[in-house]
Amino acid sequence: MKLEELQALEQRYLMQTYRRAPVEFVRGEGALLWDSEGREYLDFLAGLSVCSVGHCHPAVVEAVREQAGRLMHVSNLFFTEPMVRLAERLSESSLGGRVFLCNSGAEANECAIKLARKQAYRRGVEEPEIVSLEGGFHGRTYGALSATPRLAENEALGPMLPGFRSVPLNDVGALRDVVYEKTAAVIVEPIQGESGVYPASEELLLAARQACDEVGALLVFDEIQTGMGRTGSLWAYEQTPVRPDLLTSAKALGGGLPIGACLAAPQPGEALEPGDHGSTFAGGAVTSAAALAVLDLIDDPALLRQVRELGAVLREGLLAIDGVEEVRGRGLMLGVGLGEDVDAAAIGVDLLRHGLIVNVPEPGTLRLLPPLTVDSAQIERAVGLIAESLLTYLR
Ligand SMILES: *Cc1c(COP(=O)(O)O)cnc(C)c1O
């Protein structure tokens, strides 16, 4: 089918919730993608940080193939081994408590919100409040959406859930002011992804930890984007001075298949009981098998060291480019701040035309999220392409 035909059918039959770039991809391997005309692309977006082990990693493909050929689904009324092993592995690699498996990032946050409300209820709080940060992104379902201030403003989608408040990123005083006895949780991305790669400061994280401890609220880290090795440690919290009570994961967890997880510390992990929560597909055998294969690849000191090292090389290469004003983020999650006179969207389009896939989350920023398995030659190639594009643009 020709691209024009695909575009016409997409317009006719898919709800128009996305603006897609005019490319049809048909194949992927590692950090490379090929379109329907056989053109090769270097993928520095990795399906929005989903394909962190690269496209079609043979170990993940094999795990999926093997499990799909043996048993795909039986429901949560029974036991399956991949689900249990995955929960064990996630818990032991993070907060040490129980895990709720689900199918997406938004769902992982829904679980965190529900769990936090139940904990607050047990403390006698009647109208619990969840505090989030401006610029944060937690997903599109109503709970997650209500915790996403920029999108929750969309009146046409209202009303949002009651009991959500937000404060500016890294405003310690404002955060302290809103956390009180009724606060059920504070939800934070260690590094905000969708808004353009803006890290939460250590002061903010420490203040959030302390404020939550003072009132018995839960500190939730949304690590759906920062987790699974993206910042150079399995979880981003490991490189901060605080430990959350709940951690949500998704995106890279399934290596391309849809899976999410809400990971708890031991005590909050006890809160949800039969009847409180559930999901038909959750903990499915195929997605769990995929996630176990992904964890085998990512929860590896050598790979994580490489993420830190290549991240530093990428950052330095970017900072040396004319037109790059700052580079934010950590590991292989980088936001490239361009000068005010640079139209980042135009740069993004130009890069795509030259075979480099990046993302433009806000007017002045390119976001780079390459597969964690990227090599130094590919990093160099990406830096060269960005330099060339900016040079042409600024000339
Ligand atoms: C992508 C993302 C989500 C939402 O995940 P979905 O799988 O799209 O529901 C939530 N939080 C963060 C930080 C994300 O990056």
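The figures here come from the full heavy-atom set of this structure, side chains too, leaving out hydrogens, waters and symmetry mates. Counting convention: from 1, in listed order, for ligands and their atoms alike.
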Checklist entry - How far is atom 3 (C) of ligand 1 from its nearest protein heavy atom, and which residue and atom name does that atom have? => result Phe137 CE2, 3.5 Å
Next on the checklist: Give me the nearest non-hydrogen protein atom to atom 9 (O) of ligand 1 as residue plus atom name, then the distance to 0.1 Å.
Outcome noted: Ala106 N, 2.7 Å
Item to check | Gln225 neighbourhood, listing ligand 1 atoms whose heavy-atom distance to it stays under 4.0 Å | outcome: 15 (O)
Next on the checklist: Does ligand 1 come near enough to Glu107 that some N or O of the ligand is less than 3.5 Å from an N or O of the residue?
Outcome noted: no
Item to check | Nearest non-hydrogen protein atom, atom 1 (C) of ligand 1 | outcome: Lys251 NZ, 1.5 Å
Checklist entry - Are more than 12 heavy atoms from other residues, nucleotides or ligands located less than 6.0 Å from atom CZ of Phe281? => result no
Checklist entry - Quick one: nearest non-hydrogen protein atom to atom 11 (N) of ligand 1, plus distance? => result Asp222 OD2, 2.7 Å
Next on the checklist: Looking at Tyr198, I'd like to know if the NZ or CZ of Arg328 sits under 6.0 Å from its six-membered ring centre while staying within 45 degrees of the ring's axis.
Outcome noted: yes
Next on the checklist: Between ligand 1 and Ala250, is the shortest N or O to N or O distance under 3.5 Å?
Outcome noted: no
Item to check | Aromatic ring pairing His277/Phe100, orientation class (parallel under 30°, perpendicular over 60°, tilted between) | outcome: tilted
Next on the checklist: I need the atoms of ligand 1 closer than 4.0 Å to a non-hydrogen atom of Glu189, numbered in the order shown.
Outcome noted: 13 (C)
Item to check | Closest approach of any protein heavy atom to atom 7 (O) of ligand 1, naming residue and atom | outcome: Gly105 N, 2.8 Å
Next on the checklist: Whether Arg123 engages the ring of Tyr121 as a cation-pi pair (distance to the six-membered ring centre under 6.0 angstrom, angle to the ring normal within 45°) should be assessed.
Outcome noted: no
Checklist outcome for this item: Here the atoms of ligand 1 under 4.0 Å from any heavy atom belonging to Ser104 are 7 (O), 9 (O)
Next on the checklist: Would Arg230 and Gln225 count as a side chain to side chain donor-acceptor pair (under 3.5 Å) here? Give the steps.
Outcome noted: CA-CA 7 Å; Arg230 177 54 58 191; Gln225 196 161 143; over 6 Å; no
Checklist entry - Do Asp245 and Val220 touch side chain to side chain, with heavy atoms closer than 4.5 Å? => result no
Checklist entry - Does any N or O in the side chain of Ser389 come within less than 3.5 Å of the main-chain N or O of Ile386, such that one atom is a donor and the other an acceptor? => result no
